[in-house]
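Order of the sequence lines fixes the chain letters, A, B, ..., with proteins taken first and strands second; residue numbering starts at 1 for each chain. Keep in mind that the numbers below use all heavy atoms, side chains included, and drop hydrogens, waters and symmetry copies.
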Amino acid sequence: MASVARQETPLEHEDELELVGMAQQGDRDAAEALLERHELRVFRLCRRLLPQGEDVEGAVQETMLRALRGLARFSGEGSFGGWLVAIALNLCRDRLRRRLLVPFQPLETGEDEAAGPLAVVPSSEPSPERVAMARQAVERLRREVARLPRRQQEVFTLRFFAGLDLAGIAESLAVDVGTVKTHLHRAVRRVRAAVEEAKP
Amino acid sequence: MSIEHLTDDEVDLALIGEEVPAGAAAHLASCLVCRRRRDSFLAAVNGACGEDPDETTRARIRERALSAWSGAGRRPHWVRWVAAAAAVVVLSLLPLLRSELVSRPKIDTDAVLTEVDDVLSRDPLSAAAPEEVVEAVVPAPEADGEGSWS
């Protein structure tokens, strides 16, 4: 799965803590390196959680700024990535609350996204039927995710769009792993069923 | 390979990233039907995820955040400690300053009064008006030394 990032090794964690320490001292290069490591995850999260029309780039930038300004509060107990994702999550919740909009994009698929699923559909020769099926599956997935209860939406998004592992999700949401599993199981069961309905 | 395909729960476990039973994992590795079932879900996820921003866009967003941080809002880490230390020093000095004000030496009023009396006894007008006024009203006597006030 392209969107799920690999797990951080202990060595990388040590390296990251060193960067955090330097950034806390005001080192701009260290701060930039930290942001660069996790920005894609934050971008994916904001794009999926914020409604269409919301300024995703602005949300990512605001997330980064909040993190940089709050660096002194980062204790280093968890991962920096998880902490950053938690900031992004709170920012998205704030924006959604303010606008009182339903998260996730509507069903219309943008032209730029139309070819997305085709690249990973397990077929070497995508026929028009397969193309239509893939689009339908994507639409169903979006629609079903949008219908999930808020906490299930967040867990699903963090797992499949932001690429966090179960422990990372638990850390970001400040809940235990068992709770994450419960929400994720319910969400995946529902969304998978909807996606499989798109099959002929 | 077992001919039993994965159950819904086992597919979900595989999708979530949890450990699947050993038999199911072996089946998944060799069964095209089950793999296609898993992969079609993941393909839909990737499709819904959309395009990632290019490097130029990412760099622009990052740079804006860093500029805002390194602008007026950012202070070196040690500045906060220095400011706190300065505040502690000022607060600890306040009682000393106050006692300094309170313990200022008292004026010896007797000595002052004695000095005033002394001045007045020598030249009472000099205490009442400036010297030029006194000169104008009471011209100084001639050099013969008669008519002196003293």
Should [X] and [Y] be regarded as members of a common hydrophobic cluster, given that ILVMFWY residues are connected when their side-chain heavy atoms come within less than 4.5 Å of each other, either directly or indirectly?
| X | Y | value |
| --- | --- | --- |
| M22(A) | F80(A) | no |
| L13(B) | V45(B) | no |
| V20(B) | L28(B) | no |
| V191(A) | L42(B) | yes |
| F43(A) | L68(A) | yes |

**Selection from Q61(A), R66(A), R192(A) maximising heavy-atom pairs under 4.5 Å formed with chain B** = R192(A)

Atom [atom1] in [X], atom [atom2] in [Y]: separation rounded to 0.5 Å?
| X | Y | atom1 | atom2 | value |
| --- | --- | --- | --- | --- |
| L66(B) | R28(A) | CG | CZ | 4.5 Å |
| D165(A) | I16(B) | CG | CD1 | 13.0 Å |
| M64(A) | R62(B) | CE | CZ | 6.5 Å |

**Prompt:** Can you check side chain to side chain contact (heavy atoms under 4.5 Å, CB included) on D52(B) and R47(A), steps first, answer last?
**Reply:** CA-CA 10 Å; D52(B) 286 332; R47(A) 187 175 52 196; 3.8 Å; yes

**Prompt:** Is chain A contacted by the side chain of E63(B), its backbone, both, or neither, given a heavy-atom distance below 4.5 Å?
**Reply:** both

[X], part contacting chain B, at a heavy-atom distance under 4.5 Å:
| X | answer |
| --- | --- |
| L141(A) | side chain |
| V56(A) | neither |
| E36(A) | both |

**Asked** Can you pull the ring-ring contact (aromatic ring centres under 6.0 Å, His included) pairs that have at least one residue in residues 37-68 of chain B, sequence neighbours excluded?
**Response** F160(A)-F41(B)

**Request:** Would you please go through residues 180-190 of chain A and name the residues with a non-hydrogen atom below 4.5 Å from one of chain B, in numerical order?
**Result:** K181(A), L184(A), H185(A), V188(A), R189(A)

Closest approach of [X] and [Y], non-hydrogen atoms and distance?
| X | Y | result |
| --- | --- | --- |
| L40(A) | P53(B) | CD1-CD, 3.9 Å |
| A31(A) | W69(B) | CB-CZ3, 3.7 Å |
| A68(B) | R69(A) | O-NH2, 3.7 Å |
| A44(B) | V138(A) | O-CG2, 3.8 Å |

**Asked** So, does R48(A) use its side chain to make a donor-acceptor pair with the main chain of A48(B) at under 3.5 Å?
**Response** yes

**Asked** Can we say E57(A) and R60(B) salt-bridge, meaning some charged N sits less than 4.0 Å from an Asp/Glu carboxylate O?
**Response** yes

**Prompt:** If you draw a 6.0 Å radius around CD in E55(B), do more than 12 non-hydrogen atoms from other residues or ligands fall strictly inside?
**Reply:** yes

